[in-house]
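Numbers here simply count residues along the sequence, with the first being 1. Everything numeric in this text was worked out from a predicted model, so none of it was measured.
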Amino acid sequence: MTEERADGDPADGTESHDPEFPPAFLSFMRQGWRDGALLVGPRPEVPNYAKRRAALSAAFPGETLVIPTGGEKVRANDTEYRFRPGSDFVYLTGDHDPDGVLVLRPNGSGHDATVYMRPRSSRETDEFFRSRHGELWVGRRHTLAEKSTELGLPTADLVGLDTALADLAPGRTRVLRGFDAQVDAAVRRWDGPREEGQPARDSELAIAVAELKLVKDEWEIAQLQDAVDATVRGFEDVARALPADRGVSERLLEGIFALRARHDGNDVGYGSIVGAGEHATILHWVHNHGVTRPGELLLMDMGVEGHHLYTADVTRVLPVDGRFTPLQRQVYDVVYASQQAGIDAVKPGVQFRDVHLTCMRVLAEGLADLGLLPVSVDEAMDEKSTVYRRWTLHGFGHMLGIDVHDCSNARRETYRDGELDEGYVLTVEPGLYFQPEDELVPEELRGIGIRIEDDVLVTNAGAVNLSAGLPRRADEVETWLAEQREAGPRLPG
């Protein structure tokens, strides 16, 4: 966000509220600074990232691949959101800093990898104290050598990226595009002569990375388990602060979970959904400005993103006063039965679509028992009808990993119409939602929303529930909630 002169040095008064820089001050700031190196070593997970780059290299022999992470995004005027690296970039490098670009150049037997990055601000200019990228503003950045040591990769100054991209042949180059991060300016400037078919070539790179992500290795599974375990602790924190006899703000509960996420991980993996009462019927309720009420339900869809950016995604529904009403329990038990059927169906070789149909049939049968289906269960399940979806809307789940909706660029035939395989991690999260305005359901059902979501690893023996640390059955949820309340509030530590 720093205004710069043509020579690259920060201009005076880079922001409207900045004081002037008189010569005496500038002279004084340029002297008396001790220079020290960071104590860095190769990260233990470096071999994991190298394997991924090797797999990607093998998929595109003889081609140059360009994968940027993106830059900081403006939140308001001259302030930025906290930076979160582009998922594909960090999946291949492990680097969390903004503005990086991974370039894989063919070398005859594979690819040479280089990360172009913004290095430490030099003391040879005034950048270190005048630029908003300077280390007195944002902290000490790595030198190129320090970053290279950490990542196990050659690094180069970002200012050289234009030159590095200038001679790329459009017919032998693929650039990762179309993700929700601001692509570095140098990558945006380079377009090459955009020959016909180039967008499709770029898309093939995004597909290849997404399909590499489908199978998680042991290290990735450990990261997901860590994120899930932190999420379990976060749900416990919230339950311990949830009164049974009075209302509290949804945002209070959101904030309690966010404290755990920032303490035990990098952040929340997505905007927390905290839906009290009828807000639980809104699938992506993130306003969280409601209030809990005894006698109503509280739906919370939340996940901690771990330090290596793998995220959990868990949903639980709690009876605020500690006990489900008979009607609430009846609906809850339908959703629980649906989820359990889906988890039981998960194993290698099973069609993703078949897990969906398994969950949906149980929901449709439950809706029939509630007297809501206007047709038979078989008719409702027919793909030309699916009227049961009025009360569920979404599918049974999605892939999970370094993105909460992981592998989203994978081809339909390998994902939604594909088979599950060992090492896949996915959510199983059926739900029923009866909108307050829905005149096709009895009044006593209106405003009830229930979703149960867990994170499941596919193994040769079947499904392993990574989030089994949180109870799911209605009676177990009631017991767990009472235990948390008895234990009382706690701070992370």
Using a strict cut-off of less than 4.0 Å between a Lys/Arg side-chain nitrogen and an Asp/Glu carboxylate oxygen, indicate whether [X] and [Y] qualify as a salt bridge.
{"X": "Asp202", "Y": "Arg174", "answer": "no"}
{"X": "Arg52", "Y": "Glu220", "answer": "yes"}
{"X": "Glu379", "Y": "Lys384", "answer": "no"}
{"X": "Glu236", "Y": "Arg490", "answer": "yes"}
{"X": "Lys213", "Y": "Asp88", "answer": "yes"}
{"X": "Asp406", "Y": "Lys216", "answer": "yes"}
{"X": "Asp264", "Y": "Arg233", "answer": "yes"}
{"X": "Arg84", "Y": "Asp267", "answer": "no"}
{"X": "Asp421", "Y": "Lys347", "answer": "no"}

Problem set entry | Centroid-centroid distance, Tyr91 to Tyr49, less than 6.0 Å | no
Of the non-hydrogen atoms in [X] and [Y], which two are nearest, and what is the gap between them?
{"X": "Glu254", "Y": "Asn288", "result": "OE1-ND2, 3.1 Å"}
{"X": "Arg446", "Y": "Pro436", "result": "CD-O, 3.6 Å"}
{"X": "Ser272", "Y": "Phe257", "result": "OG-CD2, 4.0 Å"}
{"X": "Arg316", "Y": "Phe235", "result": "CB-CE2, 3.9 Å"}
{"X": "Val268", "Y": "Ala258", "result": "CG1-CA, 4.2 Å"}
{"X": "Thr392", "Y": "Gly431", "result": "OG1-O, 2.7 Å"}

Flag, side chain of [X] to backbone of [Y], donor-acceptor distance under 3.5 Å:
{"X": "Thr281", "Y": "Gln435", "result": "no"}
{"X": "Arg451", "Y": "Pro430", "result": "no"}
{"X": "Arg353", "Y": "Leu357", "result": "no"}
{"X": "Thr386", "Y": "Glu383", "result": "no"}
{"X": "Thr414", "Y": "Ala410", "result": "no"}
{"X": "Glu305", "Y": "Tyr310", "result": "no"}
{"X": "Arg389", "Y": "Leu393", "result": "yes"}
{"X": "Thr231", "Y": "Ala227", "result": "yes"}
{"X": "Gln330", "Y": "Leu327", "result": "no"}
{"X": "Thr427", "Y": "Glu429", "result": "no"}

d(Asp369 CG, Leu367 CG) to nearest 0.5 Å is 9.0 Å
Here the gap from Arg172 atom CZ to Phe60 atom CZ, rounded to the nearest 0.5 Å, amounts to 11.0 Å
(request) Give the ring-plane orientation class for His289 versus His287, where under 30° counts as parallel, over 60° as perpendicular and anything between as tilted. (result) parallel
- Query: Aromatic rings Phe352 and Phe396: how do their planes relate, parallel, tilted or perpendicular, breaks at 30° and 60°?
  - Reply: tilted
Can you confirm whether Asp217 sits close enough to Asn48 that some side-chain heavy atom of one is under 4.5 Å from a side-chain heavy atom of the other? yes
Checking Leu445, Leu372, Leu363 against Trp391 for side chain to side chain contact (heavy atoms under 4.5 Å, CB included), the one that qualifies is Leu372
Open item on the list: Surrounding NE2 of His284 (heavy atoms of other residues, nucleotides or ligands, distance under 6.0 Å), is the total greater than 12?
Closed with: no
